A.B. asks: 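Take a look at the following structure, please.
Bear in mind the structure is a predicted one, so any value in this text is a computation, not a measurement. In what follows, chains are A, B, ... by sequence order, proteins preceding strands, each numbered from 1.
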4 protein chains.
Amino acid sequence: MKWVGPLRVSGNVALAETQVPLATYESPLWPSVGRGAKVSMLAERGIVATLVDERMTRSVLVEATDAGTAHAAARAIEARIEELRAVVRTCSRFAELIGIRHEINANLLFIRFEFSTGDASGHNMATLASDALLGHLLQTVPGISYGSISGNYCTDKKATAVNGILGRGKNVVTELLVPREVVEGVLHTTAAKVVRLNLRKNLLGTLLAGGIRSANAHYANMLLAFYLATGQDAANIVEGSQGVTMAEDRDGDLYFSCTLPNLIVGTVGNGKGLPFVETNLTRLGCRADRAPGENARRLAVIAAATVLCGELSLLAAQTNPGELMRAHVQLERDTTTAKVGA
Amino acid sequence: MKWVGPLRVSGNVALAETQVPLATYESPLWPSVGRGAKVSMLAERGIVATLVDERMTRSVLVEATDAGTAHAAARAIEARIEELRAVVRTCSRFAELIGIRHEINANLLFIRFEFSTGDASGHNMATLASDALLGHLLQTVPGISYGSISGNYCTDKKATAVNGILGRGKNVVTELLVPREVVEGVLHTTAAKVVRLNLRKNLLGTLLAGGIRSANAHYANMLLAFYLATGQDAANIVEGSQGVTMAEDRDGDLYFSCTLPNLIVGTVGNGKGLPFVETNLTRLGCRADRAPGENARRLAVIAAATVLCGELSLLAAQTNPGELMRAHVQLERDTTTAKVGA
Amino acid sequence: MKWVGPLRVSGNVALAETQVPLATYESPLWPSVGRGAKVSMLAERGIVATLVDERMTRSVLVEATDAGTAHAAARAIEARIEELRAVVRTCSRFAELIGIRHEINANLLFIRFEFSTGDASGHNMATLASDALLGHLLQTVPGISYGSISGNYCTDKKATAVNGILGRGKNVVTELLVPREVVEGVLHTTAAKVVRLNLRKNLLGTLLAGGIRSANAHYANMLLAFYLATGQDAANIVEGSQGVTMAEDRDGDLYFSCTLPNLIVGTVGNGKGLPFVETNLTRLGCRADRAPGENARRLAVIAAATVLCGELSLLAAQTNPGELMRAHVQLERDTTTAKVGA
Amino acid sequence: MKWVGPLRVSGNVALAETQVPLATYESPLWPSVGRGAKVSMLAERGIVATLVDERMTRSVLVEATDAGTAHAAARAIEARIEELRAVVRTCSRFAELIGIRHEINANLLFIRFEFSTGDASGHNMATLASDALLGHLLQTVPGISYGSISGNYCTDKKATAVNGILGRGKNVVTELLVPREVVEGVLHTTAAKVVRLNLRKNLLGTLLAGGIRSANAHYANMLLAFYLATGQDAANIVEGSQGVTMAEDRDGDLYFSCTLPNLIVGTVGNGKGLPFVETNLTRLGCRADRAPGENARRLAVIAAATVLCGELSLLAAQTNPGELMRAHVQLERDTTTAKVGA
């Protein structure tokens, strides 16, 4: 594990400058993110991060007598949301039911509960609450029976479309305006080249590969390293790494943006009690005495900004033939083997 | 990290019984995989694993004057595969070019090189070889210019369709026939219940969620833990966790199968020099003196079998209302915090 | 064009028995749907059709100064829904704004307006209303400018995930319980065989092909023929044919269901004034003097039931080796060339 | 039905100028395609169409004893391709087996046969040949049994990834370089505006909607009208409309390209005997005495060029607020109702 940066972040979740911890076996990641961080320090507002949504979800599955019964049940359930909110309150101090969506297929009804979960990523809290809700519904709604506590319409640790469309985790948009002289001097490229590469590789290449709601070079790398270093459930990089990089040439300056709709992070819960995790979260300012949810939002924003740094750096490198391999070969020669959790 | 098992594996890559190391912050994973492992020991042939394909790929991107030129270039390149094989031989002892695919869009040509890479997962080897190939092609094929060393049609660490369809990584099918009495006695369920849940949750639920080439409950969890414990680049769980669970009720016995087409694993390379990784790989029998590629194949098969164990156990649990939560709550109460890399 | 049937339909949109008009160049379609129709007449309740949702959508695209401004705009717009409803009322007698969803990516804001549109499929009505809404918003919301009247997040005539998840068109679930003797006597197969084929071909095969939110054998065939015969915009078969077939073996009886979430049909509007269309709609009972929307709902339900008939018949045929080809060869020999629009 | 154009086409399938027949209920389509056609006449080389691949496919499904047997069967089958070619020759004068791909999942083997089919679109020819191949394999390959004559991995009339990646139908790339003065004078826009809209709407918007291998505004509209007018199986617009529009600003000139990888068209077969179809195909020059396949390739290229015309025109219109609606309202007022097949 290494600390990289500092990088500069502003936006609707208050921050300033911070270093970030990255745990990885892939040593070239550190200088790559480091270069992006350096760029962020040279941009006036740094990386502007906007958290646009947050919720944790769990979809239960029930079987109905037939589709008509499923339809009636769905309508009844959505009409009883206040009652269901009360059920959730009885089983958790932090979880709050904030929405219900459903989908019917044949005689099956998928009910997707949406929760706010404070500073926890909320997997367990949402599952516990959904278990209570499901029990309550099975007892009070006629014509339905148990299907599954999870119907894969949640969706946890899978790359799908539903999470981005309906929301799951923290949805963070990051933007960075890189002045032309920094594009050239630090990134050794031009805005036009980055724009062209992003279009052809991230948008078109991923499309042709048959990707789903995603267009980026390597979000998964940064997320894995950041999640491991901060005690997250790193299997959530599967959906977390779905996101879109956009780039624009603004008179030679480079507008660069990464949208990450599915960041599942928390500052309390499983894995957060490990000493190195506590240290890292504290150093990131994510263990402060704030309103519930504020620490987790701060962590999500830092995660997203870290992703932008690594993405920008790699894309810039790939605009130039041969640069990537030279960098890799050199770095792996220079770097002693990485350690995770150490 | 914990060792779980033993589990029993047979198939076209020779094995017998083995324990498996799992590094995770999510402690319920250990007993869950452990239960699946126990089931495998009670089935006559254990988990039968069939490795059906292996290759590592990298797609470069070149820009042509126009589509006609791209088309001519693609045909010329595929006709020169022997020459290109020689180019690869000059830059790697282990990488071998085994195939070329291409796709044209507008005036852009994506060329997907397929390699065998011995016991390495092969990311760097493939990139290095592709860099040499690209340089060679840019000098010898008229009308094309540099686009990108990676065109996202590879595809690395993204959930797409191309990897499963054209192949990337090791493609392993695992099958287990669980006798009725084990289904009932150890898994506390029936074959019919598992079949129904798999259809509704994994196949239908993931489909409705907008998944791509995937239908499983939580492959990502097992893969992450196994990849971390064996020094893999765990960001490859993104595509590695795409796979399909199938279940059949065979007169009360349960036929259960997990197909994982995109396992990117190696026994040499980045991360493999860490002491605990060396220890773990050795204990798994994946550091033995075998023909190149044999150790990595063995590792892939163990990874896939581990996935089956965890998948079977979770699905069985979810057939019964409330069991999952009871298990979680109990386990997290009992378990001291997990440690990764320790 | 031929009339096929009768078929029997019941459910939450009142019907009884009806023949259906199918315009196609593929003559085997008529007897195939005809066989399914025959089956529906032999089942007690016939095909039970449940309309579970209906809405027409159009997503406009606006560019904001930055993501923060886009976020503020989205919140402001959703808070002003009553005002926007009034705007819609000024430009259409039938369109009513019933919901707004949005998604932000970088500094771009996609706003998806949801309308009810009476008996029209509603493409033009929704576009006209969205044009008015967009003009209104550009004048009253600070920091945004025109992007596009359609941002492809609607989504019209494309196979995507958003329509099924958020709703677009009429969402109809059809169910049919086929008695064992009819399965055997008319369909020449068994429930178990149909269940197995549906799992392997429709669910697994489509998944492996890289399908998106779809699992069926040939919904597109029936929809095309029905849409052409009833004056619909048949390009809407692209998303209309996304849907899922489910089958269950209920003690030898076959439970068979087709869910079609995106049926875009109307009984007034473009194409409906053609004489043969008027005739067909009248004969289908879809030109009656009913509450606005009732005729279109009736038409959607008949379309969905027709799809079920053809789907059931083809799947049954494919359970038996060679039957499909024998049927095709025989039929094309027997049938005089089909005529569309005549 | 109306004839639109002329449009100018060049490329690797010889053509010059041609009008095109479009059968649609949506009257604004005619002037829209007409405007694009006009633009093509003002560009030096017109629309340059490159046919980069052609094949028709059918995937059969067989069940094997287990995955190991499936794997052995797949290898045996691919090794016997010459023998299988001979089988195909016995059942068709025109079908030729040109490739085999397979995919294994659990104990199931999907075998995707690839054929050339002369001037026919080839659905029936491929199915007939596959039926013969399947019968032959079931008799000669041990351990496999009948699954389905079609395993949905073909894939016919579904939007998937496999067709674009492995090829199905005719793959045509069209390119048009529109001089700046034509962009401004005829399309009333600028290259920069079209580029920006294409990025945001077609690439990003479709991605966010959860599209699969597709990025265009309305290919389905043009294909439907062209397919109906030329006697095609118009249900093939489902996969035919998957394709990608690319645009570049080349110093004010507009480079515009549509790639359509899945055009399923023929000049003989079902529907081609209708008098108006014969007339239309003849007038298009697609009934000439040419080498087998040449007429169908010519038809595919015209179809693709027609798509480009309509796509370019609509995108240009959508760059300007309000233009689209004004055009629609005006046109529908001016136009007498469209007739299909007349």
A.B. asks: Restricting to non-hydrogen atoms, name the atom on Thr259(A) and the atom on Asn105(C) that form the minimum distance, rounded to 0.1 Å.
C.D. replies: CB-OD1, 3.4 Å

A.B. asks: So what's closer than 4.5 Å to chain C heavy atoms on Tyr153(A): side chain, backbone, both or neither?
C.D. replies: side chain

A.B. asks: As an exercise, state the distance from CZ of Arg213(C) to CD of Glu103(A), rounded to the nearest 0.5 Å.
C.D. replies: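 The CZ atom of Arg213(C) sits 4.0 Å away from the CD atom of Glu103(A).
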
A.B. asks: Picking from Val244(A), Asn107(A), Val162(A), which has the most non-hydrogen pairs under 4.5 angstrom with chain C?
C.D. replies: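 Heavy-atom pair counts peak at Asn107(A).
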
A.B. asks: Would you mind checking which part of Leu51(A) comes under 4.5 Å of any heavy atom in chain C, side chain (CB onward), backbone (N, CA, C, O), both or neither?
C.D. replies: backbone

A.B. asks: What are the two closest non-hydrogen atoms of Glu175(C) and Ala106(A), and how far apart are they?
C.D. replies: OE2-C, 4.3 Å

A.B. asks: Tell me, out of Ala67(A), Ala49(A), Ala161(A), who's got the most heavy-atom pairs with chain C below 4.5 Å.
C.D. replies: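 Of Ala67(A), Ala49(A), Ala161(A), Ala67(A) has the most heavy-atom pairs under 4.5 Å with chain C.
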
A.B. asks: What residue among Asn171(C), Asp53(C), Val52(C) forms side chain to side chain contact (heavy atoms under 4.5 Å, CB included) with Ile104(A)?
C.D. replies: Val52(C)

A.B. asks: What part of Arg75(C) gets closer than 4.5 Å to chain A, counting heavy atoms only: side chain, backbone, both or neither?
C.D. replies: neither

A.B. asks: Under a 4.5 Å heavy-atom cut-off, does chain A meet the side chain of Tyr255(C), its backbone, both or neither?
C.D. replies: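 Side chain of Tyr255(C) only, per the 4.5 Å heavy-atom cut-off to chain A.
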
A.B. asks: Leu166(A) versus Leu166(C): any side-chain heavy-atom pair under 4.5 Å?
C.D. replies: yes

A.B. asks: Answer with side chain, backbone, both or neither: which region of Ile212(C) has an atom nearer than 4.5 Å to a non-hydrogen atom of chain A?
C.D. replies: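 Contact with chain A is through the side chain of Ile212(C) alone.
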
A.B. asks: Minimum heavy-atom separation for Asn12(A) and His71(C), please, with both atom names.
C.D. replies: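 Smallest interatomic distance, heavy atoms only, reads ND2-CD2, 4.1 Å.
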
A.B. asks: Closest heavy-atom contact between Ile165(C) and Arg101(A)?
C.D. replies: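 For Ile165(C) and Arg101(A), the tightest heavy-atom pair comes out as O-NH2, 3.5 Å.
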
A.B. asks: Answer yes or no: are there more than 12 heavy-atom neighbours, outside Arg45(A) itself, under 6.0 Å from its atom CZ?
C.D. replies: no

